[in-house]
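All figures in this text were calculated on a predicted structure; none of them were measured in a lab. Every chain is numbered from 1 and lettered A, B, ... according to where its sequence line falls, protein lines coming before strand lines.
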Amino acid sequence: MSTLTDPPNESFRLSMLINDTRYRSLTFQVIAAIVLALCIWYLGNNLIQNLRAAGLNISYAFLGDSAGYDINQRLVEYDSQSSHARAALVGVLNTLLVAFLACITATIFGVIAGVLRLSNNWLVSKLMAVYVEIFRNIPVLIWIIIIFTIMTAVLPGPREFRGDDATSSMLFDAFAFTNRGIYTPLPWFQNGIFESASMNWLLVLAGLGLSWVAAHQINAWANNKQEATGVRPKTLLPVLAAWLVPFLALTMIMGLTWEYPELKGFNFTGGIKVGGPLIALWFALSIYTGAFIAENVRAGIQAVSKGQTEAAAALGLRPRRVMNLVVLPQAMRVIIPPLISQFLNITKNSSLAIAVGYADITATLGGITLNQTGRAIECVLLLMLFYLTASLVISMVMNVYNASVKLKER
Amino acid sequence: MKKTVFLGALTVAGLAAGAAAAGTLDDVKARGKLNCGVTTGLVGFAAPNANGEWEGFDVAVCRAVAAAVLGDSTAVEFVPTTGKTRFTALASGEIDMLARNTTWTFSRDVDLKFEFVGVNYYDGQGFMVPKELGVSSAKELDGATVCIQTGTTTELNLADFFRSNNISYEPVPIETNAEAQQQYLAGSCDVYTTDASGLAATRATFDDPSGHVILPEIISKEPLGPLVRHGDHEWGDVVRWSLMALIAAEELGITSANINEMAAGTENPEINRLLGSEGNLGEMLGLNADWAMKAVAAGGNYGEIFAKNIGEDTPVGLARGLNAQWTEGGLLYAPPFR
């Protein structure tokens, strides 16, 4: 007689880690993790031992020491007595400034070139093809140097503005284009409401914010009216007034005046100076990355089915409106993900700034500070941390934007 | 696969660690070639000539050391370094010694763990301006734009000088001397500042050297000399005494013309010890007895090297000044060879 028994209670055996598919993948992951940890431990240990053998150590104390060098472009207060940390901050801000400016202009160049490359006009589309192929196939460092060299060679030096028989003169007596940069008038408030200039500017910005809200309200009101009655009231004048009246009133009250650049001693003084290195770097990064963005835009537009264009045209929309209302919004979901990469590239490529003497983070912390203190490992780690953080933040912001414009399926 | 890569990485890391520990002198002998760091190009001090051979005042030190160690002054691999890369190149062992108008400072010696073996040129930081600006003193440079090589002591001296004189300036940082020259000539900076010898060397290459003046102020002490890594004292001694041999040779009247004759033996025991016909100085260094003779024969004594590369008869046109022998009112002083 046979009796039915429960299947034996399977006990866990070590060989199951390899033979049983339930555990096998886990086993290999654990092994890989251990090997990775050992690798990192070995390399770190090697570094520490070698540093100790050379009598060196890792220390960030140097960041608090006085830097001792000057920086030509600074967005915050800085002089040679400031700390290395402060110098690094100046560099960080300079990097962010040029990256921000270049991201905007590169996008503008890219969208224009990408759209025009699909133009039916043979000459225009071929010109754009030439632009894209030339600029994206030559390294950006070479473009930076070419543009900077042309600027210094072609534009006159300040000394050519001097004397009675000056060979150069200022444009409208307000703008000076020199090989050291462009000097423009600086707006400032004679009797500002606050002590500090930046607070006054914030006030103006706040005013503009209010104007934006007001203009938005007017448009909303006009939309409601149109929905209700079918007739859209004229909004141009009220919207203009909402923008201009507060702005003009604010600037009148605070007494807006301009400080003009003047040739004094060796250089122009007063006004705003946009340095040659910044211009060269900004422009080079813009046209170089713009060529890549143009291809992204072209790909995005071509990804939109031709039927969409034809359907829009059949509705009677003119070509420009077809592009703006039908094609580009759909193309965005193809364009934005690679656009994020291009923005990251701009930020990282700005580290080539030292080639033209622009004081970005690589030039201050990773260049002069590293050299003066000899703390190479510490400085490079900080640099990596900065670029990693900046890239992740850009990535995150752009991904949020991408999520907001991507095709919404119900 | 994974295992192989890991073992490979271990081997490479192990080898790298091993290489750093061995003596540089043995490494150089085994390699048969000296890796010497020089500038990326400064006429008179270190620059490749029309045939692509490096020559100049700093290059001569490299050649003297190679001749002392390997008996062959051409067994040198010249590694061009910028102000920024020079110390990393030396610390990482990419080069055995650095002969690149590098200023001997406390922090480089103590904090960066390098060993300066001596001074081959006593210099000071100066300013060069175009004559047409009509500037006669550095104190009139308020508001000027100054081209400067980054990562050098000149950068710090410049900031100190302007701050202590309460005048302002705008720095234009550049990487190499060639770049500085281009910027300065294009007028995108009013002033170029670096060591006075470097200014003279740069000016010598201009189309119109007389259109530029070097201002009288010398704002710093810049003792320039070759350096090696800390901790390898045998190698440090070899480089130090090779340099000293060049200086002593001038003092003792040994020139490339009479060196063979003198090496046979003279009345002067110090010359005999130096050139190896007496005593065992070479053996103490771990070199052949004729090490100093080879070093001096490579390019002549200090005075000959100076005259040939940067002296008054060359386009660089530097006077001996502080770099004359101590017996002639200068600072050059080689410790006794005994």
Can you tell me which portion of [X] sits under 4.5 Å from chain A's heavy atoms? Options are side chain, backbone, both or neither.
| X | answer |
| --- | --- |
| B/Val191 | neither |
| B/Glu132 | side chain |
| B/Phe162 | neither |

Counting neighbours of [atom1] on [X] that are heavy atoms of other residues, nucleotides or ligands and sit closer than 6.0 Å, is the number greater than 12?
| X | atom1 | answer |
| --- | --- | --- |
| B/Trp235 | CH2 | yes |
| B/Lys221 | NZ | no |
| B/Phe206 | CZ | yes |

Return the [atom1] to [atom2] distance between [X] and [Y], rounded to the nearest 0.5 Å.
| X | Y | atom1 | atom2 | value |
| --- | --- | --- | --- | --- |
| B/Gln183 | A/Asn179 | CD | CG | 8.0 Å |
| A/Asp79 | B/Ser168 | CG | OG | 12.0 Å |
| B/Tyr169 | A/Asn72 | OH | CG | 9.5 Å |
| B/Leu112 | A/Arg375 | CG | CZ | 8.5 Å |
| B/Ser188 | A/Phe148 | OG | CZ | 5.5 Å |
| B/Glu155 | A/Gln372 | CD | CD | 6.0 Å |

Of B/Leu156, B/Leu158, B/Thr150, the residue whose pairing with A/Tyr69 passes side chain to side chain contact (heavy atoms under 4.5 Å, CB included):
B/Leu156
State, to 0.1 Å, how close A/Ser80 and B/Ala159 come at their nearest heavy-atom pair, and which atoms those are.
CB-CB, 3.7 Å
Which atoms of [X] approach chain B - backbone, side chain, both or neither, heavy atom under 4.5 Å:
| X | value |
| --- | --- |
| A/Gln81 | side chain |
| A/Ala67 | backbone |
| A/Ile71 | backbone |
| A/Ala363 | neither |
| A/Thr178 | neither |

Candidates A/Arg74, A/Arg180, A/Lys273 - the one meeting salt bridge (Lys or Arg N to Asp or Glu O under 4.0 Å) with B/Glu170:
A/Lys273
Among the listed options B/Cys189, B/Gly231, B/Pro171, the residue most often paired with chain A at heavy-atom distances under 4.5 Å:
B/Pro171
Hey, which of B/Asn157, B/Val172, B/Leu141 has the most heavy atom pairs under 4.5 Å with chain A?
B/Leu141
Do B/Gln182 and A/Thr149 come close enough that some side-chain heavy atom pair is under 4.5 Å?
yes
